[in-house]
Amino acid sequence: EDLVKVRFGTNWLAQGEHGGYYQAVADGTYKKFGLDVEIVQGGPTANNATALVAGKNDFYMGGNLVEVFSAAKEGIPLVAVAATFQKDPQILMTHPGVGLDSWEDLKKAKTIFIGPDFQATGYAWMKAAFGFTDEVVKPYDFNPGPFIADKGSVQQGYVASEPLQVEKGGGFKPNVFLIADQGWNTYSTLIVTRQDIIDSKPDVVQKFVDASAIGWATYLYGDNKLGNAAIQKDNPDMTDENLAFAVKQMKAYGIVMSGDAEKSGIGAMTDEHMKSFFDKMVAVGLYKPDFDFKKAYTLKFVNKNVGSDLIKK
Amino acid sequence: MCRRPVLNPPARPTVVSLRDVGKTFSSGTTALQHLDLDIRQGEILSLLGPSGCGKSTALRIIAGLGEASSGNVAWAGGGMDHSRDVGFVFQEPTLMPWASVFDNVWLPSRLKGVSRKAARDAVMQALDSVGLTAFAQAYPRELSGGMRMRVSIARAMVTRPRLLLMDEPFAALDEITRQKLNDDLMRLQAELGWTVVFVTHSVFESVYISDRIVVMAARPGRAFAELIIDAERPRGAAFRTTPVYVDYCRQASAALTSAIGRAAETVDGH
Amino acid sequence: MCRRPVLNPPARPTVVSLRDVGKTFSSGTTALQHLDLDIRQGEILSLLGPSGCGKSTALRIIAGLGEASSGNVAWAGGGMDHSRDVGFVFQEPTLMPWASVFDNVWLPSRLKGVSRKAARDAVMQALDSVGLTAFAQAYPRELSGGMRMRVSIARAMVTRPRLLLMDEPFAALDEITRQKLNDDLMRLQAELGWTVVFVTHSVFESVYISDRIVVMAARPGRAFAELIIDAERPRGAAFRTTPVYVDYCRQASAALTSAIGRAAETVDGH
Amino acid sequence: MSAISSADDAVTPSAPSRQGPPALLKWLLPFAFLVVVLGLWEYCVAAGLTPMKVVPAPSEIWAAFFREWETLGPAWLFTLEVTLKGFVLAVAGGVCLAILFSLSRLVEYTLYPYAIILQVTPVLALAPLLLVIFSQATVLLICVWLVAFFPVLANTLIGLRSTDHNLLNLFELYRASSWQKLWLLRLRGALPYFLGGVRIAGGLSLIGAVVSELATGAGGARGGLGYIIYLAPRYFAYPRAYAALVLLSLSGIAIFLALSYLSHLLLHKWHESALKREN
Amino acid sequence: MSAISSADDAVTPSAPSRQGPPALLKWLLPFAFLVVVLGLWEYCVAAGLTPMKVVPAPSEIWAAFFREWETLGPAWLFTLEVTLKGFVLAVAGGVCLAILFSLSRLVEYTLYPYAIILQVTPVLALAPLLLVIFSQATVLLICVWLVAFFPVLANTLIGLRSTDHNLLNLFELYRASSWQKLWLLRLRGALPYFLGGVRIAGGLSLIGAVVSELATGAGGARGGLGYIIYLAPRYFAYPRAYAALVLLSLSGIAIFLALSYLSHLLLHKWHESALKREN
Ligand SMILES: Nc1ncnc2c1ncn2[C@@H]1O[C@H](COP(=O)(O)OP(=O)(O)OP(=O)(O)O)[C@@H](O)[C@H]1O
Ligand SMILES: Nc1ncnc2c1ncn2[C@@H]1O[C@H](COP(=O)(O)OP(=O)(O)OP(=O)(O)O)[C@@H](O)[C@H]1O
Ligand SMILES: O=[N+]([O-])[O-]
Ligand SMILES: [Mg+2]
Ligand SMILES: [Mg+2]
């Protein structure tokens, strides 16, 4: 009836990593909160961040904290209001049994397939922190074929997607290294919005954050049939097997539920965590130490344990 | 066709007059210098002169194509609107390669807004007069050199323009055809009161058809001599056998020879 | 230059002979049909005929450009290697627009591997003979129509080919120049023993320079009459005043007239 | 003086065409070559000479056509529709701009730089901005237009500037209006150049449609060939990706052939590039 | 009969040029227009008429030039180098293919389809495969080549086929070798078409370099303008992205001007498209 129209732009085609949002759309959670949410799919080269800045969308699914920090640095009033993923699901994979079986071995690889976005952020940190080099980088454009073909290579991926693809396409279980485990402790899959929306419609923001948390709790721990169907409608390439694998992995690696979220609920963020990551970026030279990174997020809408009751351990 | 006594040329009104006209191309070649020339109403004026002396250039300036670098071109009644009624046979056929013979001849009427259907009779008649009715649907590339030139002649005449500028129109034609077209031209000119400026290399042709011949000298191109052909009209094949005709031819030839000699001299003197 | 009595033409060996040659274009036009023609060593043969009768087409077939649709073209000594030594003045100047006058005339030598430097004297001499030395560096577009044709003539003569095919080479030139080039051609032909096939529309010119005239009739093009000009050489301006000359001209003219008439008849009979 | 028309000629010997290979060979050789190429490809895959699985054999691609037609068919139609619409706009726009620029050097100098900017601006960069203002369908067409218009503009402009000066004189003599000069003279003379530009634009429209699909995110369920080509490998549907590439290639060849035929129709009567030599 | 050379003429009245606008206006108007465009843009941004922050004002872009020159400069050089190398290869390849195709219709019919396939294959799809075999630098050049070669090929082929039949007759009469016919006749006559194709390829090389950078991942510290244009907006550095776009545009215009000047040098003596009309 009096639903508020909301446009939420994701950063990729519909997949398991977006499950909670699709769940909330499909099972009417957003509607219950008075929101009429339209999910605008991202894509290989589509840029939904710009759509948010330009006022076309109301929320954006941020990949990592570098995005919001950068926005603040450029004077763009974007604000992270929730962190759905406590850990970045980015991984590196190798072929098993070719001498690339530990994180330390990865530096020996002749070829590392990395996408441009991650190369500018996570990989920049890996260079500074571990001594990786740009020389070995080849572009990862979401096609695992070249990695499978080259036994000595390393490839980027999402923990909830690529390992299964490689297993099915290459016929082997790859070694998986969650980069977050090496200290890349950015939040991920953030809900980002503009300052003017926070100022003028804080209630809408709160409702979106809360409903999304409930959606995620349902998707991971409840009956996610509706959510999966919605995903498959937007992206017919997503098989049941893909989606089941995604849920399994997100749980196994504590992508959504770990750290602060265990305590304060889905979407949790803390100043300490933010500062810790910011300091790492300062060490890499991405930001100056005196930069006011706190402009880039607000804790106003999270840490309220919304939806925690739905989570069955 | 009525017998028409030759008018005393100065009595005819002037249509265009060129005064002290010069033309220098950007390549540095001076094609014309100090050229004075009057075109008079209803006359056939021939320009005779060595190759490269500026005849074509002069004709283009008269037609308003390419301005003179110096001097003055004045039209009777002022303005160039008069030239709306000009026909031009260029030295080269200048046909549109993508258009049929019919369409090429139709062009001048078409530009005046005459439809294909309305122009049809006039175009076919013009083609008939140059013997090309059977080739109306042919394309220029399918024609011989002389046939192309005949298309160009038909195109210039089809709108019956009051001023006709012709640059060696019959050079590529056999003598029988040429004779016929000379006669056709004189007949139409007399009937319709055309003014004709006619560039030719044939002394005989120029004497045969002209009221007046201007012999040009080259480098720089200028009027070198003038010859008034004071012979009765209409003229026919018989005219060619008269002593007057032979005498005029001799005069014109002599003027041409000395125009060429004089030019050579000028250059040798450099 | 030695006085040379006219040989009884059949005594001269044949260079090329066309037998029953026909040419039909894909447009359907039959340009030639049943054409028989012998070109004999060392003669000047003129082709005379109405516009569009197939003279240019015949010349091209002789040169090996464009095969005949039917019939036979036989070369003395077999094969066409002979024709390596052909010069051709096309009806249109056919100059390369991107090359200077010098480079255009240089072309035939260049294609035989002669360097610019080695060709220089011959090219400049050829340009001199057509009065264009001063325009060696000009581009074709900067020339008058007659000047362009003269470049083409210089290009055909520069390599002194044994067989010279000329398609109305002098039509765009004034009579004084034309006379000079006629004389030049006859002198070179006599000196170097050239064989010349010469297309012209001028009956006078054909009689003046030829050993033999073939008059062609049109539609379909074929040899209609042959005239042997059995007059002594060298010929000069004086030849034009002899009764023999005038008589030959009258004969050629009559043949041409009846060739044209006959063709018209044929078509009317269709 | 008179003439015969072609129909009058009873005795026309049928001359064997000097030009060109016999018609049979003209089709046989390309076909034979294709068979050799495909055969070699199939062999290489079978012999394991290609990178494992990444390049499927022609037979696998062939099978994918039938198996996945439900996906491929609509995607193909989607891409074709965008291509053709964008192509028509690009041709129209290119010609209009060329005419505008041909009006005067001043206009050309003033505006040509902006045309070049449009040519070199990557649609990947522009699409997100355009999406802020326009609908996805519109942005798709704008992007295809951007990719394809320039060759039409550049070639047509050269053609318009190449008008025979003698014919221009003729038209000026007869006081042709600017419009008449343009329509009856300049544009006709520009045809060979224009048609060349159009043929280049044909292929560019296709590739533009594919790239723009990705740039505008016109994907998902209603996606075109671009999405399949880009995303299918992600799910190891290499045969499907290659089948899409084959469709793309066939479309490109078909568009080119159609435009070449158009070109032949418009030029074969008079322009050297399409004319049979007869002498 | 004799002639005067230009130097002989003492009394040459200096004719005012009928053609073209005065030289001053020729540069003034485009400049004035640019000022108006930039002014309007600046105003729109200041007045808040553009989507917030996404389109920076010219003044902000100008400032970004200086502020970010350390990033922009090397990126520009990187892209320019790839562009120019790829451009040279595309021109050479296009001409060679055109010559090959012009040898006979049979060759053309057999091979042209593959050229079209190369034109319509998206580099985004091809680059990963090529990277399996070739080095990144090589793939980069291959990709630029793929994007840019076709206009050169297509235009040159039309040009080679447009040779004046009369001149061909002349060359055949003088028993010109195929090579002589090609070099002294066909290629000269094809120049206007070829140069048109080259000008189109100039811009395509640039855009090809930008796209190929992304497709081949030639990014990171050694990245070019393509990376900046793609990534800067993702991290909201819009002025930097626009500064890179401006560099791209300026490069495109510079390449076009250089090629136009070359074209002028080669054609102004004889071809209508570059000739001043004098009558
Ligand atoms: N390429 C062609 N295609 C079709 N028909 C042609 C072609 N070339 C010439 N013809 C026709 O062949 C006939 C003879 O042409 P040709 O050029 O040989 O005549 P010609 O005797 O040289 O005439 P002219 O004295 O006018 O030059 C003409 O009727 C012409 O229409
Ligand atoms: N576009 C041009 N650029 C430079 N020079 C030119 C141009 N057109 C003509 N000329 C020169 O101007 C002079 C006169 O040329 P024009 O064509 O008027 O001669 P013409 O008397 O018609 O000669 P012809 O009898 O050979 O046709 C020549 O010397 C020629 O070289
Ligand atoms: O979105 N991914 O980076 O797979
Ligand atoms: Mg002239
Ligand atoms: Mg002829």
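All values derive from a computational prediction rather than experimental measurement. Within every chain, numbering begins at 1; the chains are lettered A, B, ... in the order of the sequence lines, protein sequences first and strands thereafter. Basis for what follows: all heavy atoms, side chains included, without hydrogens, waters or symmetry-related copies.
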Heavy-atom pair count under 4.5 Å with chain D, highest-scoring of [options]:
options                           : value
E108(E), R199(E), R161(E)         : R161(E)
V210(E), L34(E), D164(E), L168(E) : L168(E)
L195(E), T110(E), V147(E)         : T110(E)
G197(E), P122(E), G252(E)         : P122(E)

Examine whether an atom of [X] lies under 4.5 Å from a heavy atom of chain D, and if so say whether it belongs to the side chain, the backbone or both; otherwise answer neither.
X       : answer
F31(E)  : neither
L118(E) : neither
L267(E) : neither
T121(E) : both
L245(E) : side chain
L206(E) : side chain
L275(E) : both
V246(E) : neither
T163(E) : backbone
Y238(E) : neither
P233(E) : neither

Side chain / backbone / both / neither for [X] at chain E, heavy atoms under 4.5 Å:
X       : result
L257(D) : neither
L160(D) : neither
V120(D) : both
L248(D) : both
V37(D)  : side chain

Can you find a pair of side-chain heavy atoms, one from V54(E) and one from V132(D), that are under 4.5 Å apart?
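Result no, sub-4.5 Å side-chain heavy-atom pair not found.
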
Nearest non-hydrogen partners of [X] and [Y], listed with the distance:
X       : Y       : result
R105(E) : S273(D) : NH2-O, 3.9 Å
Y193(D) : P192(E) : OH-CB, 3.4 Å
G196(D) : I158(E) : CA-CD1, 3.4 Å
A125(D) : I229(E) : CB-CG2, 3.2 Å
S162(D) : H271(E) : OG-CE1, 3.3 Å

Name the residue from L204(D), N155(D), I200(D) that meets the side chain to side chain contact (heavy atoms under 4.5 Å, CB included) definition with P151(E).
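For P151(E), the side chain to side chain contact (heavy atoms under 4.5 Å, CB included) test succeeds with only one of L204(D), N155(D), I200(D), which is I200(D).
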
Tell me if the NZ atom of K269(E) is crowded by more than 12 foreign heavy atoms within 6.0 Å.
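Counting other residues, nucleotides and ligands, NZ of K269(E) stays at 12 neighbours or fewer.
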
Check whether more than 12 heavy atoms from other residues, nucleotides or ligands sit under 6.0 Å from atom CH2 of W270(D), and answer yes or no.
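For W270(D), atom CH2 is crowded (more than 12 foreign heavy atoms under 6.0 Å).
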
Return the [atom1] to [atom2] distance between [X] and [Y], rounded to the nearest 0.5 Å.
X       : Y       : atom1 : atom2 : result
I117(E) : I253(D) : CD1   : CD1   : 4.0 Å
S104(D) : L29(E)  : OG    : CG    : 8.5 Å
I207(D) : L146(E) : CD1   : CG    : 9.0 Å

Mutual orientation of the aromatic rings belonging to F150(E) and F256(D) [parallel < 30°, tilted 30-60°, perpendicular > 60°]
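Taking F256(D) first and then F150(E), their aromatic rings stand perpendicular (interplane angle over 60°).
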
Between E272(E) (side chain) and H165(D) (backbone), is there a donor-acceptor pair under 3.5 Å?
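Checked: pair present.
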
Would Y109(D) and L28(E) count as a side-chain contact (heavy atoms from CB on, under 4.5 Å) if you check the C-alpha gap in whole Å, the side-chain angles of each, and the deciding distance to 0.1 Å?
CA-CA 10 Å; Y109(D) 290 141; L28(E) 208 67; over 6 Å; no

Residue pair F33(D), L111(E): steps toward the side-chain contact (heavy atoms from CB on, under 4.5 Å) verdict:
CA-CA 9 Å; F33(D) 187 75; L111(E) 297 183; 3.8 Å; yes

